[in-house]
Amino acid sequence: MAQMNFGGVIENVMTREEFPLEKAREILKDETIAVIGYGVQGPGQSLNLRDNGFNVIVGQRPGKTFEKAISDGWVPGETLFSIEEAAEKATIVMCLLSDAAVMSVWPTLQKYLTPGKALYFSHGFAITWNDRTGCVPAKDIDVIMVAPKGSGTSLRTMFLEGRGLNSSYAVYQDATGKAMDRTLALGIGIGSGYMFETTFQREATSDLTGERGSLMGAIQGLLLAQYEVLRENGHSPSEAFNETVEELTQSLMPLFAKNGMDWMYANCSTTAQRGALDWYPRFHDAIKPICQWLYTSVKLGNEAQISIDSNSKPDYRVGLEAELKALRESEMWQTAVTVRKLRPENN
């Protein structure tokens with residue numbers, strides 16, 4: 001395990017050079033890995049494991065995702081089964097269902113988690129808030145996690161490109177003495193880049209904070225606020241969108257992702273440089289209290305409970321579609337449709 005300097009803090013990370021694929025295959029050579037759920041993370045993780053030579057099967061309810069699994073090459077009765085059959089056959093049960101689905105399936109799933117098996121998650125939600133989810137595993141199984149830091153689609157795409165998506169990993173319960181080996185081997189098998197250690201609780205709280213914050217919630221709020229101010233002051237939709245979203249996503253983000261924000265500040269106009277240096281502290285001071293409020297809400301379990309309550313409503317999908325429709329049909333994102341069509345690669 002390598003020691004790396006992250007902004008002056010030394011952390012342990014595991015790389016593919018230190019834990020090669022051949023070692024992962026050796027550790028898991030006698031294991032049957034069942035991927036339960038074929039929604040967000042299921043396809044990417046199962047396909048990467050299959051392509052890397054592991055013994056993988058999929059467990060999924062009938063429906064659209066079952067048909068998607070068939071189209072991806074999983075064969076009913078051979079490598080594609082019901083959730084119950086897959087869990088029974090497996091020695092490692094990879095629970096990649098949504099948080100709401102985990103709660104509904106748990107009473108069935110736990111029957112098949114016999115002594116010595118491993119229960120794997122890619123999110124700490126169900127275990128961290130098991131007083132609310134009811135997901136309390138028996139003491140005689142391993143409970144482990146590898147959490148890719150991105151979507152299942154990105155995990156698969158980067159794997160096919162020969163790259164890896166970074167992941168965190170954790171062992172919650174080691175009943176067999178081989179939980180850590182199983183965890184790291186699975187992390188390599190699904191196509192992780194480097195892996196950094198965490199806990200189920202830290203992963204769950206940071207993940208929910210990130211989703212509600214800079215990754216999705218805050219970024220939409222910031223973009224919309226700036227777009228609205230420009231529009232309210234007479235700027236056209238095209239101009240407002242380009243200055244708010246298009247330049248950020250198409251020009252700047254790839255550059256500061258590659259080189260850092262300091263490089264970005266050093267390689268822009270002096271006017272932009274001065275403005276950025278003057279204004280980022282003001283945004284920081286305004287936003288940090290909201291981030292702290294958000295983190296506290298997550299840590300107290302409030303956000304988990306809101307998610308559980310919302311996803312448990314019988315009309316949840318109807319309400320969700322209405323909210324997404326309103327977002328999709330907003331002027332800013334309708335402008336995006338036209339702007340994307342005008343990009344050079346589309347002409």
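Keep in mind that what you see is a predicted model, and the values were worked out from it rather than measured.
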Minimum heavy-atom separation for [X] and [Y], please, with both atom names.
X	Y	result
Leu21	Asn52	CD2-OD1, 3.4 Å
Gln41	Pro148	OE1-CG, 3.8 Å
Leu230	Glu243	CD1-CB, 4.3 Å
Tyr227	Glu331	OH-OE2, 2.5 Å
Ile33	Phe54	CD1-CB, 4.1 Å
Ser168	Glu203	OG-CG, 3.8 Å

Can you find a pair of side-chain heavy atoms, one from [X] and one from [Y], that are under 4.5 Å apart?
X	Y	answer
Val58	Thr79	no
Asp309	Lys313	no
Met195	Glu18	no
Leu327	Gln220	yes
Tyr169	Ser192	no

**Distance under 6.0 Å and angle within 45° of ring axis: Lys89 vs Phe81** = yes
**Asked** Do other residues, nucleotides or ligands put more than 12 heavy atoms under 6.0 Å from Lys149 NZ?
**Response** yes
**Message:** Atom CZ of residue position Arg343 - does it have more than 12 heavy atoms of other residues, nucleotides or ligands inside 6.0 Å?
**Reply:** yes
**Prompt:** Would Glu67 and Lys64 pass as an ion pair if we require N to O under 4.0 Å?
**Reply:**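 Salt bridge absent between Glu67 and Lys64.
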**Asked** Are Glu84 and Arg61 ion-paired here, with the side-chain N under 4.0 Å from a carboxylate O?
**Response** yes
According to a hydrophobic-cluster definition based on side-chain heavy atoms being under 4.5 Å apart (Ile, Leu, Val, Met, Phe, Trp, Tyr only), do [X] and [Y] belong together?
X	Y	value
Val35	Phe66	yes
Leu47	Ile190	yes
Val102	Ile36	yes
Ile308	Val40	no
Ile144	Leu96	yes

**Request:** Could you label the plane-to-plane angle of the Phe241 and Trp333 rings as parallel, tilted or perpendicular, counting under 30° as parallel and over 60° as perpendicular?
**Result:**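 Phe241 and Trp333: perpendicular rings.
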Sub-3.5 Å donor-acceptor pair from the side chain of [X] to the main-chain atoms of [Y], do we have one?
X	Y	result
Ser310	Ile306	no
Asn346	Leu342	no
Asn12	Glu197	no
Thr128	Phe200	yes
Lys117	Glu88	yes
Ser251	Leu248	no
Gln334	Arg328	yes
Asp142	Ala118	no
Thr296	Gln292	yes
Gln173	Ile141	yes

**Prompt:** Can you tell me if Ser82 and Glu85 form a side-chain donor-acceptor pair at under 3.5 Å?
**Reply:** yes
**Prompt:** Can you name the side chain to side chain contact (heavy atoms under 4.5 Å, CB included) partners of Ile287, sequence neighbours left out?
**Reply:**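 Per chain and number, Ile287 pairs via side chain to side chain contact (heavy atoms under 4.5 Å, CB included) with Phe283, Cys291.
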**Prompt:** Residues two or more places apart in sequence or in another chain: which of them pass side chain to side chain contact (heavy atoms under 4.5 Å, CB included) with Lys111?
**Reply:** none
What distance separates [X] [atom1] from [Y] [atom2], expressed to the nearest 0.5 Å?
X	Y	atom1	atom2	result
Asn48	Met158	CG	CE	11.0 Å
Leu97	Ser104	CG	OG	7.5 Å
Leu119	Met94	CG	CE	11.0 Å

**Message:** Assess the residue pair Lys68 and Asp72 against the criterion (salt bridge (charged side-chain N to carboxylate O under 4.0 Å, His left out)); give the C-alpha distance rounded to whole Å, side-chain angles, the decisive distance to 0.1 Å, and a yes or no.
**Reply:** CA-CA 6 Å; Lys68 183 181 186 314; Asp72 285 343; 3.0 Å; yes
**Item:** From CA spacing to verdict: salt bridge (charged side-chain N to carboxylate O under 4.0 Å, His left out), Glu228, Arg231
**Value:** CA-CA 5 Å; Glu228 288 176 342; Arg231 289 288 289 122; over 6 Å; no
**Request:** Verify salt bridge (charged side-chain N to carboxylate O under 4.0 Å, His left out) between Asp51 and Arg156, making sure each step is shown before the conclusion.
**Result:** CA-CA 11 Å; Asp51 289 355; Arg156 181 61 175 166; 2.9 Å; yes
**Item:** Qualifying ring pair (Phe, Tyr, Trp, His ring centres under 6.0 Å) pairs, either residue in residues 83-139, two or more places apart
**Value:** His123-Phe125, Phe125-Trp129
